[in-house]
Amino acid sequence: MEWFVEKHNGTGFMVKIDKKIFEEEGLQKIEIFSTSLGKMLVIDGKIQFTEADEKFYHEMLVHVPMIMHPNPEKVLIIGGGDGGAAREAIKHKPREIKMVEIDEKVVEACKKYIGIDENALDRIEIIYEDGIEFVKKCEEKFDVIIVDGSDPDAVSKPLISREFYHNCSNIGEIFVTQSQSPFLQKDYFEKILKNSSSFPYRKIYLSHIPSYPSGMWSFLLASNSKLEMDKKELLKRYKNRKIKTMHYNVDLHMASFCLPNWLIEIVKKYVK
Ligand code: SAM
């Protein structure tokens with residue numbers, strides 16, 4: 001029996017491998033496995049998603065910021081080559097979705113061997129470019145910016161830089177990025193909070209993603225204007241937009257912003 005093991009700070013997550021479906025090494029090492037949790041995408045040795053729990057992640061990453069916007073017409077996704085974020089964003093029927101992905105091979109492999117995008121990747125505009133460079137020169141404005149990058153190593157590293165967040169705050173109204181595990185990846189988490197101070201309003205929310213380090217996953221929601229969360233209004237938008245979700249609902253949305261004391265203390269160091 002073969003196991004894939006991803007290690008983080010003295011811990012590990014194990015998943016049983018049936019077989020390797022795909023492997024290619026270019027800008028990044030891309031591997032796709034068939035596992036006990038369905039198909040699994042691995043980039044540079046790190047699990048990007050498993051079919052069994054990808055909706056936990058993509059629905060929380062996308063619907064929280066999208067529903068907070070009264071009318072999200074223009075959406076920018078940075079990263080997200082597997083198409084899970086695009087699939088969820090489409091449900092809000094925006095006028096335009098642009099996705100800026102650094103590695104065309106991720107998109108090709110995910111479309112051919114997995115298909116979680118449910119053809120979303122054929123229905124949006126994809127720009128193959130480094131997200132850092134794109135936001136540096138971008139003159140367009142977006143209602144929602146969604147950053148769906150991998151662990152901040154190698155090509156993803158600048159996606160948690162001060163310069164990147166600053167440029168996003170100039171072009172986006174509501175911004176979201178996955179912000180790693182505050183339990184096992186505290187250094188990354190604090191760096192994200194430290195570097196994103198150009199947004200005057202910021203909140204952290206949590207979701208349980210079993211195949212990510214420790215399962216305790218965080219997201220940074222940020223904006224130049226106050227992040228209002230009126231449950232009645234959010235419910236109205238969810239209903240009016242006729243969004244069908246497997247994991248996300250408005251109760252979960254509200255609850256995901258309730259943080260444990262130890263995490264409130266960390267966030268307070270950076271968000272006043
Ligand atoms: N949810 C996943 C996770 O947390 O592990 C991330 C999934 S998605 C596959 C990550 C994507 O970000 C990859 O396709 C990668 O090529 C892309 N990416 C990494 N750095 C990037 C950059 N600087 N600009 C644009 N895309 C980038």
Can you name the closest pair of heavy atoms from Pro65 and Tyr205 and give their distance?
CD-OH, 3.8 Å

Would you say the ring centers of Phe199 and Tyr165 fall short of 6.0 Å from each other?
no

Going by side-chain contact (heavy atoms from CB on, under 4.5 Å), Ile145 matches just one of Val176, Ile174, Ile171, Val135. Which one?
Ile171

Give the cluster check for Leu263 versus Phe183: same hydrophobic cluster or not, with ILVMFWY residues linked at side-chain heavy-atom distances below 4.5 Å.
yes

How many angstroms lie between atom CD of Glu88 and atom CG of Asp117, to the nearest 0.5 angstrom?
11.5 Å

Tell me whether Lys157 at atom NZ has more than 12 heavy atoms from other residues, nucleotides or ligands lying less than 6.0 Å away.
no

Taking atom NZ as the centre, does Lys203 end up with more than 12 heavy-atom neighbours from other residues, nucleotides or ligands that are less than 6.0 angstrom away?
no

Pair Glu190 + Lys186: basic N to acidic O under 4.0 Å:
yes

Lys/Arg-Asp/Glu bridge criterion (N-O < 4.0 Å) met for Glu129, Lys137:
yes

Test: Lys74 cationic atom under 6.0 Å from Phe142 six-membered ring centre, within 45° of axis:
yes

How far apart are the closest heavy atoms of His247 and Glu59, and which atoms are they?
N-OE1, 2.6 Å

Just do the side chain to side chain contact (heavy atoms under 4.5 Å, CB included) check on Ile97 and Ile77 with the steps written out, would you?
CA-CA 7 Å; Ile97 301 179; Ile77 300 171; 3.9 Å; yes

Would you give the length of the straight line joining atom CD of Glu31 to atom CD of Glu23, rounded to the nearest 0.5 angstrom?
5.0 Å

Can you give me the closest heavy-atom contact between Arg162 and Ser197, atom names plus distance?
NH1-OG, 3.1 Å

When you group the ILVMFWY residues by side-chain heavy-atom contacts below 4.5 Å and let the links chain together, are Val107 and Ile127 in the same group?
no

Quick one, Phe49 with Tyr57, criterion ring-ring contact (aromatic ring centres under 6.0 Å, His included). Give me CA distance, side-chain angles, the key distance, then yes/no.
CA-CA 8 Å; Phe49 70 82; Tyr57 170 79; 9.2 Å; no

Nearest heavy-atom approach of Ala89 to Val62 is N-CG1, 3.5 Å

Minimal heavy-atom distance between Ser169 and Asn224, with the atoms involved, is O-ND2, 2.8 Å

Mind checking whether Val15 and Glu6 have side chains closer than 4.5 Å, heavy atoms only?
no

In plain terms, say whether Lys98 and Glu96 are close enough for a salt bridge, that is, a side-chain N and a carboxylate O under 4.0 Å apart.
yes

For the ring pair Phe13 and Phe4, is the centre-to-centre distance below 6.0 Å?
no

I need the minimum non-hydrogen distance between Ile124 and Ala86, along with the two atoms involved.
CD1-CB, 3.8 Å

d(Ile78 CD1, Ile132 CD1) to nearest 0.5 Å is 7.5 Å

I'd like to check Glu173 versus Pro72 (side-chain heavy atoms, cut-off strictly below 4.5 Å). Are they in contact?
no

More than 12 heavy atoms of other residues, nucleotides or ligands under 6.0 Å from CZ of Arg123: is that the case?
no

Working for side chain to side chain contact (heavy atoms under 4.5 Å, CB included), residues His208 and Met216
CA-CA 5 Å; His208 185 79; Met216 183 193 206; 5.7 Å; no

Charged N to carboxylate O below 4.0 Å: is that the case for Glu2 and Lys16?
no

CG/Asp130 to NZ/Lys136 distance, rounded to the nearest 0.5 angstrom?
8.0 Å

Leu193 side chain reached by Tyr188 side chain, heavy atoms, under 4.5 Å:
no

In terms of hydrophobic clusters joined by side-chain contacts under 4.5 Å, are Ile30 and Ile17 together?
no

Derivation of the side chain to side chain donor-acceptor pair (under 3.5 Å) call for His92 and His63:
CA-CA 9 Å; His92 294 256; His63 297 305; 2.8 Å; yes

Distance in Å, Asp151 CG paired with Lys46 NZ, rounded so as to fall on 0.5 Å steps:
4.5 Å

Surrounding NZ of Lys232 (heavy atoms of other residues, nucleotides or ligands, distance under 6.0 Å), is the total greater than 12?
no

Glu24/Lys105 ion pair, N-O < 4.0 Å:
yes

More than 12 heavy atoms of other groups within 6.0 Å of Lys226 NZ:
no

Taking NZ in Lys20 as the centre, count heavy atoms belonging to other residues, nucleotides or ligands within less than 6.0 Å. Is the count above 12?
yes

So how far is it from Asn249 CG to Met254 CE, rounded to the nearest 0.5 Å?
11.5 Å

Would Arg237 and Glu233 pass as an ion pair if we require N to O under 4.0 Å?
yes

